[in-house]
Peer 1: 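Pasting in a structure now, in structure tokens, and then I'll have a few things to ask.
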Amino acid sequence: MRLVPNPVLPGCHPDPSVCRVGEDYYLVTSTFAFHPGIPVHHSRDLVTWDLVGHVLAGESWLPLDGSAVADGVWAPTIRHHEGVFYVVFTIARDKRGAATYLTTTTDPRGPWSVPVPLEADGIDPSLFFDRDGRAWFTAARDATADGATGPGEIWLRELDLPTRTLVGPEHVLWHGALTGQWVEAPHLYERDGRYHLVGAEGGTERNHAVTGATADHVTGPYRTDPRSPLLTHRHLGADEPVQNVGHADLVETPDGETWALVLGVRPVRGHHTLGREVLLVPAGWDEGGPVLAPGAGRVRGVEPGLPVTTDRPADWLSLRGPLAADVAGDVVTLPPRPVPLSGRGVPAFLARRQDMHAFEFGAALDTGRIDEHDAGVVAFQDENTFLAARLVRRAGGVVARVAGRLNGEDVAGPEVPVAGEVTLDVRSDGETYAFRCASDAGEHLLATFPHTVLSTETAGGFTGVLLGLVAEAPASAGPVVFRGVRYGVPEQVSEGAGGGTHHE
Ligand code: 6LW
């Protein structure tokens, strides 16, 4: 068995779903209130994943304005059938499924069709194409039956492909393996004429677990796989480098090997800031059903302190909708917007995922162009928790300071007068976030915070930290030009913002 350098997709990429076509694998993940939505990553070996497009690239129909960061696009599933790729996903509101959509394409790089709503309750929709060509839709919702063994249930209905509607009777398949825990993340597989339902239970935090059930018919009855949990790290103790393992999707290689992609987190001192990441786990089958991490029983390939560096091109994200921003090499130009990061509109904010513990992210701004602006570099968890090194003009001139919010409370650091070109940056060694400003007049540490304040354990929510650029000002103010935008490990910061695209 080969050890893989997990995570195979670092940074906030929760709820992995994967399909294979020939030798090509395609992976989709959740994007919440970020735009563009649902990145599509491609791989030939399940280990190296390249971003090739987005399912929700330019659509302004997406009802994300007003959305909390943790809501929005949840848990897409990708499947391929007879030359067509299908993605189903949920839009969540108030941490509950509000609407479920289906979109298709023949080229996973896009464009994808305008999503059509499906009449479906709950979250974590999935599709299964049976050998006879029939398509089945499953999702997770609150239990509807009296006396159910769990608070959640997985339900199924047929998807009529020509009309893209759910048809026929509804079948409640399963209430989960672990009494009293909510079952979610269903995916169905057929093997040797038996149907295997894989789910997740215990919540997406420390008790997360992969569980399963089997049936002779796709519509059931399903019996809990008594080996459940099929995979979990909840019993491995706080020192285990990967925690919260669950939410699996299985894929078969052309050679007939089975692998699972799961989500997990890498806490530092019990707190994770990188969000839920994608991990690759060997799998197999026995007469009971799928075997995850055979012989190991845990996700391997991550050792404590393993430096996971990245040279991934940035997947620049805005919040809740498209933004007229220009990225050209390491220069990012942001027309300002009067929308605060603490609000629920579309701020002038362009960000990339923090995908390694120790990093430096920074950019240079010209104080001569800071007028009514409040602009700078941000470590962003959600609208209630973010920290930014920012420039603002006071009566006596431009100052740099840290301003942000921690769990909904405003925080502000001391103000340092600056002039000329000023570099603002945020650095982390994994245990702190330090914000600095530097100019010809010298370098100042503006403020340092423990990493715990930006962690999901403290802030709540479903995302990880994003590192971004913000330009808050009346729209009539001039654009803010960020030069020398860089992200990298502190010792060997690589120049270049990555990409040369107009982000629209
Ligand atoms: C996802 C669900 C979950 O849809 O979190 O707690 C949701 N579990 O599986 C958002 O990632």
Side-chain angles (χ1 to χ4, degrees), residues 268 273 307 309-311 314 329-334 336 341 349-352 354-371 373-381 386-406 410-454 465-473 480-498:
V268 173
T273 50
T309 59
T310 182
D311 55 3
D330 66 354
V331 180
V332 175
T333 305
L334 275 187
L341 288 173
F349 174 61
L350 200 62
R352 56 176 298 161
Q354 181 190 341
D355 56 9
M356 49 191 172
H357 287 119
F359 74 87
E360 177 176 306
F361 175 78
L365 293 89
D366 178 358
T367 52
R369 296 177 68 166
I370 297 298
D371 180 10
H373 307 82
D374 190 345
V377 304
V378 193
F380 182 87
Q381 172 63 257
F386 58 87
L387 294 165
R390 312 171 80 136
L391 299 183
V392 66
R393 185 171 291 280
R394 302 288 189 220
V398 174
V399 298
R401 90 278 189 233
V402 166
R405 280 183 130 197
L406 294 177
D410 289 342
V411 293
E415 301 193 342
V416 175
V418 287
E421 185 167 82
V422 176
T423 298
L424 299 173
D425 67 41
V426 49
R427 290 181 177 202
S428 182
D429 57 5
E431 297 189 15
T432 55
Y433 284 85
F435 295 83
R436 301 179 320 156
C437 71
S439 66
D440 286 348
E443 200 177 296
H444 289 272
L445 178 64
L446 297 170
T448 303
F449 297 84
H451 77 292
T452 54
V453 301
L454 289 176
V465 171
L466 268 63
L467 302 166
L469 308 167
V470 67
E472 191 184 329
V480 176
V481 181
F482 297 84
R483 296 186 191 282
V485 177
R486 64 199 193 285
Y487 171 69
V489 292
E491 296 77 18
Q492 48 174 75
V493 170
S494 66
E495 296 292 327

Peer 1: Can you sort out the partners of Asp440 under salt bridge (Lys or Arg N to Asp or Glu O under 4.0 Å), two or more places apart, ordered by chain and number?
Peer 2: none
Peer 1: Do Thr273 and Tyr433 have side-chain heavy atoms sitting under 4.5 Å apart?
Peer 2: yes
Peer 1: Using the ring pair (Phe, Tyr, Trp, His ring centres under 6.0 Å) criterion, which residues pair with Phe482? Sequence neighbours excluded.
Peer 2: none
Peer 1: Run the salt-bridge test on Asp425 and Arg486 with the 4.0 Å N-O cut-off and return the result as yes or no.
Peer 2: yes
Peer 1: Which residues pass the side-chain hydrogen bond (donor to acceptor under 3.5 Å, both in side chains) test with Arg390, not counting sequence neighbours?
Peer 2: Asp374, Glu472
Peer 1: Roughly how far, to the nearest 0.5 Å, is the CG atom of Asp355 from the CG atom of Leu466?
Peer 2: 10.0 Å
Peer 1: Applying the side-chain contact (heavy atoms from CB on, under 4.5 Å) test to Leu469, which of Val377, Val480, Val378, Leu365 qualifies?
Peer 2: Val377
Peer 1: How long is the straight-line distance from OH of Tyr487 back to CZ of Arg352, given to the nearest 0.5 Å?
Peer 2: 6.0 Å
Peer 1: Does Val426 reach the side chain of Phe449, with side-chain heavy atoms less than 4.5 Å apart?
Peer 2: no
Peer 1: Counting distance only, does the side-chain N/O of Glu415 pair as donor-acceptor with the main-chain N or O of Arg401 below 3.5 Å?
Peer 2: no
Peer 1: Who pairs with Arg427 by side-chain hydrogen bond (donor to acceptor under 3.5 Å, both in side chains), at least two apart in sequence or on another chain?
Peer 2: Glu360
Peer 1: Would you compute the distance between atom CZ of Phe380 and atom CZ of Arg405 and round it to the nearest 0.5 angstrom?
Peer 2: 10.5 Å
Peer 1: Under the side-chain hydrogen bond (donor to acceptor under 3.5 Å, both in side chains) test, which residues partner Glu431, sequence neighbours left out?
Peer 2: Arg269
Peer 1: For Asp429, which residues count as a side-chain hydrogen bond (donor to acceptor under 3.5 Å, both in side chains) partner, sequence neighbours excluded?
Peer 2: Thr432
Peer 1: Taking Val481's backbone N and O only, do any of them form a donor-acceptor pair with Thr333's side chain (distance below 3.5 Å, no angle check)?
Peer 2: no
Peer 1: With distance as the sole test, does His451 use its side chain to make a donor-acceptor pair with the main-chain N or O of Val268 at under 3.5 Å?
Peer 2: yes
